[in-house]
Chemist: 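I'd like to ask you about the structure that follows.
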Amino acid sequence: MADQAINVSTCFFLPPNVNSNGMYFDYGKENNWLNSSMPRFELLAVFIIVVSRACHFMLQRFGLPMFLSQVIAGRILAEIIDKHPLMNAEDGIKVLSTIATMGYAACIFQIGVKVDLGMIGRARKKALAIGVFSVVVSVICGLIATRLLITNDDEFQSFFFLVTTTSVTSFPVVTSLLNDLNIVNSELGRIGQSAALISDFISMFWINGSVMMKVQTEKGSTASLEFLGMIVGLLFVTIYLIRPAMIWIVRNTPKNGRVKDAHIYSIICLFLASTSLTRWYPHFMMAPYIIGLAVPTGLPLGTAIAEKFDGLTSGLFMPLFVATCAMRTDIANINMLQGKQIVTKSIIILITLLAKFGTSFSILMYKKFPKRDGCALALIMCAKGFVEFGSISFMDDNKTFSSDLLSLMWIAVVIIGSVTQVLVKIIFDPSRRYKTYERRTIMHLSSNSNLQILTPIQFPNHVNAVTNLLEASGASGENPIGVHVLHLIKLSGQAAPVFISHDKQKTDISDKCSASENVILSFTRFEAQKWGSVSVNIFTAISTPNLMYEDVCTLALDSSASIIIMPFHRRWYNDGCVESDDNSSRVLNQMVLDRAPCSVGILVDRGYKRRSNSLKASGEIMQLNVAMIFLGGNDDREALVFAARMAGDRNIRLTVARLISPQDADTASWSRVLDTEALRDVKSDRNIRYIEYEANDGPSTTMIIRSMMKDFDLFIVGRANNVESQQTTGLDEWVEYPELGVVGDMFAASDVEGKFSVLVVQQQHLTTS
């Protein structure tokens with residue numbers, strides 16, 4: 001019976017039935033449209049994407065990741081396929097799995113393109129220590145637990161791969177987690193990415209070394225040497241042939257020019273060729289990743305390639321791959337295990353994870369990291385996701401694990417990946433860092449102290465508006481100002497944000513900072529013109545638009561800035577017509593107003609350009625007419641102090657216009673006492689013109705302000721948002737831009753004519769609890 005041969009017949013239909021005649025033409029016929037592979041694949045793909053999106057819509061409010069929703073979609077589809085005979089066709093499942101696996105290779109390649117290897121060289125000691133020891137210690141602890149709990153030597157190899165898979169930290173998974181939580185720009189996010197990248201490379205060598213030992217055990221030394229030779233050959237070709245070719249492409253691309261399509265498609269073909277190594281190389285996903293790492297990060301080449309892959313990989317390939325992996329999980333295998341076996345295998349996974357968490361947390365505590373932040377970062381280092389799904393899937397193809405252990409690992413990855421994100425979101429609050437009990441306002445600066453100003457720049461035409469304001473800020477040897485310029489650039493073609501401090505002693509500008517060249521030269525020239533009264537420090541932050549506020553607030557905190565000057569999102573032509581509206585800039589302004597650790601000013605520029613530089617060259621003096629409109633309150637008092645600093649400049653004529661209401665005289669409050677005290681010095685200053693206007697309601701205030709618009713070059717007002725006053729009664733419902741407040745919004749109205757600038761000031765919101 002044992003020697004009896006078994007014959008298996010397989011039928012193929014040639015040519016294969018790919019396309020159908022359509023649902024309408026095949027209705028009621030024996031040849032159903034689902035018998036064709038293309039409609040079946042399209043139906044399965046649409047089902048996965050729709051169900052995963054629907055699940056995520058419900059689960060995201062609990063902080064659960066998209067990864068879990070894709071797993072749920074895969075499990076639901078697996079149950080449907082088991083019960084529907086037309087959907088259970090083998091060729092349809094193979095097509096779906098093949099495209100999903102190819103998509104996973106594209107995702108890994110794209111991540112390699114976005115990885116900046118310079119992060120390893122820039123990594124701090126704590127990130128280096130976490131990246132190395134979190135892997136090494138967890139592997140050692142996991143193997144010790146395995147040796148103590150598993151007595152069967154035949155099973156030890158499978159558990160060796162179990163421990164290795166559990167102990168690794170994947171850079172793509174960590175980056176995805178940080179992006180989902182919007183903390184990739186935080187200090188915790190930067191350390192986590194650096195540590196994950198280091199851990200990723202250690203894990204890569206560890207896993208491939210393990211595979212090589214397995215090949216030697218199963219196939220002998222010759223196969224093991226072939227395996228090693230392929231890895232060495234791939235690295236040699238990548239370093240000495242592919243990487244130089246990529247650099248040649250970058251150097252031959254014109255500055256601010258577009259990479260040739262022939263170069264881009266050649267690299268894509270190279271990626272497709274690397275995936276064919278699966279015929280000889282069990283873990284073929286290493287090849288696309290290495291090819292991706294050879295591509296120079298960012299502009300112009302890295303960005304161009306990433307843009308080709310972004311939408312397709314995240315929107316289609318990734319959901320398909322995770323769902324098909326989930327379809328392979330057989331929960332029934334878990335039921336076949338005895339209780340003791342489940343406990344033993346779960347303990348090994350738990351010990352490995354605890355060792356990884358404990359090692360990361362201990363290093364952070366030794367480095368005096370905050371406990372809550374350290375706990376969150378240690379959890380991030382334990383995160384699991386689609387990369388671990390890929391590793392388990394390929395080990396399943398190579399029969400590395402038994403079916404019961406495989407199912408247990410699928411479930412462990414899903415639970416760890418889901419719980420980690422929820423816990424990190426609960427523990428870590430990125431805005432907590434910006435909440436301060438220390439006064440960081442212009443009002444609370446000591447006399448003749450150095451005023452620190454932070455000004456973010458997004459667009460080239462912001463430079464003139466900001467330098468005009470800074471020139472009028474009353475800087476002198478007795479009242480110096482320190483200007484911190486932050487050039488904000490949209491992150492594209494790379495995974496990790498970049499923060500660069502430009503050294504004044506360096507005359508050359510790196511390729512990564514070439515976009516900041518004009519900003520650097522403009523503010524360096526401004527500093528030279530104001531030598532002795534203005535000092536300028538210039539920085540560049542490359543990050544996603546929705547997280548740029550993190551860079552702004554962090555730099556404001558580190559530089560002890562008293563005010564952040566944010567350019568308004570709307571820009572006008574010289575004739576008063578709207579040039580552009582940038583919604584991302586508006587969102588940035590709103591986020592900074594809500595979270596800033598100091599006062600904030602929004603600068604609205606309606607085409608005014610100061611001409612004093614050219615007039616000084618001819619010996620003439622051009623006076624700047626500045627008006628400060630005072631209604632009362634914290635924001636107005638802060639704006640008044642900033643305006644008063646300008647009065648020391650003999651080229652500036654400052655007018656303080658106070659709008660009062662007869663009803664105010666009948667009411668007494670502490671705020672009115674502070675207003676009177678703030679105005680006392682203004683009234684006695686001969687360099688300041690003080691006038692009062694009677695404003696009984698909103699319309700009268702509007703008439704007064706509009707009558708002043710053609711007489712002044714610069715207006716300074718307080719934001720006073722959500723502050724009720726008799727002078728602004730009835731104006732709240734007409735406000736188009738709440739970030740400017742009621743008064744500031746009048747200057748940005750579409751029916752306003754004139755060339756002037758407006759600075760809307762909000763005093764620091766001090767933490768009270």
Side-chain angles (χ1 to χ4, degrees), residues 441-443 445-455 463-485 522-536 561-565 567 599 601 603-606 608-630 636-658 678-691 708 711-718 755-761:
T441 66
I442 306 174
M443 243 183 105
L445 279 177
S446 58
S447 59
N448 299 330
S449 60
N450 194 343
L451 173 62
Q452 300 294 327
I453 299 175
L454 170 63
T455 174
V463 174
N464 286 335
V466 171
T467 52
N468 286 336
L469 177 65
L470 293 174
E471 191 173 354
S473 61
S476 64
E478 294 76 21
N479 292 297
I481 64 172
V483 181
H484 306 273
V485 182
S522 297
F523 279 95
T524 301
R525 188 181 303 113
F526 172 74
E527 182 184 25
Q529 294 172 353
K530 292 289 185 177
W531 185 258
S533 59
V534 176
S535 61
V536 177
S562 296
I563 186 170
I564 304 170
I565 297 177
S599 298
L603 179 60
V604 182
D605 181 39
R606 298 206 60 153
Y608 163 72
K609 295 183 179 179
R610 190 169 184 178
R611 296 164 291 169
S612 57
N613 289 336
S614 60
L615 292 171
K616 285 179 181 178
S618 61
E620 301 180 35
I621 296 177
M622 181 70 176
Q623 283 196 327
L624 184 71
N625 292 318
V626 181
M628 192 276 143
I629 300 175
F630 189 91
D636 282 40
R637 289 193 290 271
E638 182 78 0
L640 179 65
V641 174
F642 185 77
R645 291 180 65 96
M646 299 180 176
D649 189 338
R650 61 191 180 94
N651 298 329
I652 294 177
R653 294 182 58 190
L654 174 62
T655 299
V656 175
R658 186 184 186 187
L679 290 168
R680 179 178 300 174
D681 294 336
V682 171
K683 294 178 181 179
S684 61
D685 194 331
R686 295 182 179 181
N687 296 323
I688 302 176
R689 178 184 173 216
Y690 176 78
I691 56 176
M708 300 172 63
D711 299 330
F712 296 92
D713 304 306
L714 173 65
F715 291 88
I716 302 176
V717 301
K755 294 182 179 181
F756 50 79
S757 295
V758 185
L759 181 66
V760 182
V761 179

Chemist: Got a second to check how far H484's NE2 is from S535's OG, nearest 0.5 Å?
Modeler: 6.5 Å

Chemist: If you compare all heavy atoms of I716 against all heavy atoms of M646, which two are closest, and at what distance to 0.1 Å?
Modeler: CD1-CE, 3.6 Å

Chemist: Could you pull out the closest heavy-atom pair between M628 and A639, with the gap in Å?
Modeler: CE-CB, 3.8 Å

Chemist: Could you tell me if the side chain of L714 sits less than 4.5 Å from the side chain of L469, heavy atoms only?
Modeler: yes

Chemist: Quick check on side chain to side chain contact (heavy atoms under 4.5 Å, CB included): which of L640, V626, I629 does V656 satisfy it with?
Modeler: L640

Chemist: Return the minimal non-hydrogen interatomic distance between V760 and G718, and the atom names on each side.
Modeler: CG1-C, 4.3 Å

Chemist: With heavy-atom distances below 4.5 Å as the criterion, would you say the side chains of S757 and N468 are in contact?
Modeler: no

Chemist: Atom CD1 in I565, atom CD1 in I453: separation rounded to 0.5 Å?
Modeler: 4.5 Å

Chemist: When rounded to the nearest 0.5 angstrom, what distance separates CG in L445 from CZ in R645?
Modeler: 6.5 Å

Chemist: Which pair of heavy atoms, one from F523 and one from V466, lies closest together, and at what distance?
Modeler: CZ-CG1, 4.1 Å

Chemist: Keeping the roles fixed (side chain from D713, backbone from N625), state whether a donor-acceptor pair exists under 3.5 Å.
Modeler: yes

Chemist: Is N479 reaching over with its side chain to a backbone N or O of G474, donor-acceptor style, under 3.5 angstrom?
Modeler: no

Chemist: Which of these, V758, L759, V717, sits in a side chain to side chain contact (heavy atoms under 4.5 Å, CB included) with V604?
Modeler: V758

Chemist: Look up atom CD1 in I691 and atom CE in M708, then write down how far apart they are to the nearest 0.5 Å.
Modeler: 5.5 Å

Chemist: Would you please name every residue forming a ring pair (Phe, Tyr, Trp, His ring centres under 6.0 Å) with F715, sequence neighbours left out?
Modeler: F712, F747, F756

Chemist: Rounded to the nearest 0.5 Å, what's the gap from OG1 on T655 to CZ on R653? Could you check?
Modeler: 6.5 Å

Chemist: Between L451 and I442, what is the shortest heavy-atom contact and its length?
Modeler: CD1-CG1, 4.0 Å

Chemist: Taking Y690 as the fixed residue, which of D685, L679, L654 is the one that meets the side chain to side chain contact (heavy atoms under 4.5 Å, CB included) rule?
Modeler: L679

Chemist: Which value, rounded to the nearest 0.5 Å, describes the distance between F642 atom CZ and I563 atom CD1?
Modeler: 5.5 Å

Chemist: Would you name the heavy atoms of S684 and D681 that are closest together and state the gap between them?
Modeler: OG-O, 3.1 Å

